[in-house]
Amino acid sequence: MKVVSIVGARPQLVKLGAVAKAFAGTEHRHVVIHTGQHYDPELSDVFFTEFGIPEPDFHLGIGSGSHGAQTGAMLAAIDPILDAEQPDWVLVYGDTNSTIAGALSAVKQHLPVAHLEAGLRSFNRRMPEEHNRVLTDHCADLLLAPTDEAVRHLTNEGLGSRAVNVGDVMVDVCFHTRDAVLAAGERPELPAGIDPEQPFLVSTLHRAENTDDPELLAALIESLAGLPIPVALLAHPRLQAKADQYGLKLTQGSLHAGKPLPYRQLVAAVLASSGVVTDSGGLQKEAYLLGRACTTLRTETEWVETLEGGWNVLVARPDQLTPEAWHQVATRSAPTAALDAPYGDGRAGAAVVKVLEERLP
Ligand code: UD1
């Protein structure tokens with residue numbers, strides 16, 4: 001079996017870590033196309049080194065641009081590669097512009113498409129990720145869902161017969177990394193001004209809905225800066241670019257900004273922290289898996305399982321709460337109730353390979 005994986009943005013490289021490892025123990029040929037959507041070393045190269053993923057077979061170097069320009073450039077570059085490779089499956093990941101570009105190129109060439117992390121829904125059509133995941137699910141032949149909830153969404157959209165719950169590949173990577181960090185007693189590299197021995201929060205902010213409105217971004221930064229404990233802000237380049245454009249300082253008050261961390265460092269930071277404040281889907285789940293309370297700066301979440309038992313709480317506009325209520329929610333302790341395992345047992349990578357074998361068209 002020949003499988004072409006198409007990736008491009010940071011969270012896809014983490015998922016590729018689990019899938020590439022599962023393929024490494026088989027006879028199958030696994031070809032990787034990197035679109036180059038993310039190109040900063042800390043958003044891309046670092047993950048290949050960290051997870052021991054072989055260099056991509058094809059690197060398209062597309063870079064940033066408007067949604068249309070970026071997606072269109074990817075389509076034009078992916079077409080001839082898939083035409084030459086003629087894989088048994090094209091595997092696309094998550095919900096970025098690289099996902100929809102890979103799926104569209106494949107389906108138009110009558111190549112079977114499998115979508116990893118299928119069936120997630122925010123039901124917020126303002127999010128580019130929502131367009132990408134809905135459209136990709138509807139054109140894919142095989143829907144590799146991470147949860148029962150995701151399978152339910154797919155069934156409601158008439159796609160149930162193509163859906164399989166394989167578990168979440170992020171769990172494979174997160175647990176493996178957690179065990180390595182704990183075994184090594186690793187200390188996180190945190191932004192200047194954060195003492196890992198004292199209580200602190202880990203924060204990220206990069207969603208277009210939050211970063212692209214100057215008034216909202218200013219309010220979010222001010223709310224984080226006003227928290228009563230230090231906040232390590234791991235600033236995505238999009239956040240840094242928008243803050244520079246609007247003249248907002250990312251280091252102020254309790255807020256201490258630094259660069260995004262490699263995965264192992266991120267896990268070490270969350271383990272050392274007393275909680276997480278984020279708008280990232282991946283980090284909400286990592287907080288849950290690592291047993292830290294998360295506050296999500298959005299009106300909804302695709303990862304609804306994390307809301308159970310108060311592990312994750314949604315606060316879209318902290319500035320609309322009283323400062324006391326905001327401080328209380330953001331600095332609350334993790335619940336003591338035992339965690340469920342709605343995201344699987346950490347063996348999703350192997351399950352993906354098995355289902356691709358079984359459903360070979
Ligand atoms: C993309 C995904 C988002 C995912 C996120 C993970 C889409 C529509 N969005 O968002 O779903 O959660 O990746 O990080 O695909 N930039 C750099 N260096 C880079 C990459 C980006 O400086 O390596 C800056 C540029 O200013 C660029 C901006 O970030 O214009 C946005 O990058 P883009 O790839 O369009 O989307 P992300 O916000 O990274």
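Both counts, for ligands and for their atoms, begin at 1 and track the order of listing.
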Give me the residue, atom name and distance of the protein heavy atom closest to [atom].
atom	value
atom 34 (O) of ligand 1	Gln37 NE2, 3.0 Å
atom 17 (C) of ligand 1	Tyr39 OH, 3.2 Å
atom 8 (C) of ligand 1	Asn97 OD1, 3.5 Å
atom 2 (C) of ligand 1	Thr96 CG2, 3.8 Å
atom 26 (O) of ligand 1	Ala241 CB, 4.3 Å
atom 22 (O) of ligand 1	Pro237 CB, 3.1 Å
atom 32 (O) of ligand 1	Arg238 NH1, 4.2 Å

Is [X] touching ligand 1 with its side chain, its backbone, both, or neither, if touching means heavy atoms under 4.0 Å apart?
X	result
His38	both
Leu43	side chain
Pro11	side chain

* Inspect the contact between Glu42 and Lys259 and indicate whether a charged nitrogen and a carboxylate oxygen are less than 4.0 angstrom apart. => yes
* **Glu186 bridged to Arg264 by N-O distance under 4.0 Å** => yes
* State whether the side chain of Arg126 and the backbone N or O of Asn124 hold a donor-acceptor pair below 3.5 Å, judged by distance alone. => no
What are the atoms of ligand 1, with element, lying closer than 4.0 Å to any heavy atom of [X]?
X	answer
Asp95	11 (O)
Ser64	21 (C), 25 (C), 27 (C), 30 (O)
His67	8 (C)
His206	4 (C), 5 (C), 6 (C), 12 (O)
Glu129	3 (C), 9 (N), 11 (O)

* Asked: Taking the six-membered ring for Trp, is the centroid-to-centroid distance between Tyr343 and Trp303 below 6.0 Å?
  -> yes
* Aromatic ring proximity, centroids under 6.0 angstrom, His236 and His38 -> yes
Looking at [X], I'd like to know if its [atom1] atom is crowded, meaning that more than 12 non-hydrogen atoms belonging to other residues, nucleotides or ligands lie closer than 6.0 Å.
X	atom1	answer
Glu358	CD	yes
Lys108	NZ	no
Glu357	CD	yes

* Side-chain donor-acceptor pair under 3.5 Å between Tyr39 and Ser64, yes or no? -> yes
* Measure from NZ or CZ of Arg121 to the centre of the six-membered ring of Phe123, then state whether that distance is under 6.0 Å and the direction lies within 45° of the axis. => no
* Asked: Is there a heavy atom in Gln240 that sits closer than 4.0 Å to ligand 1?
  -> no
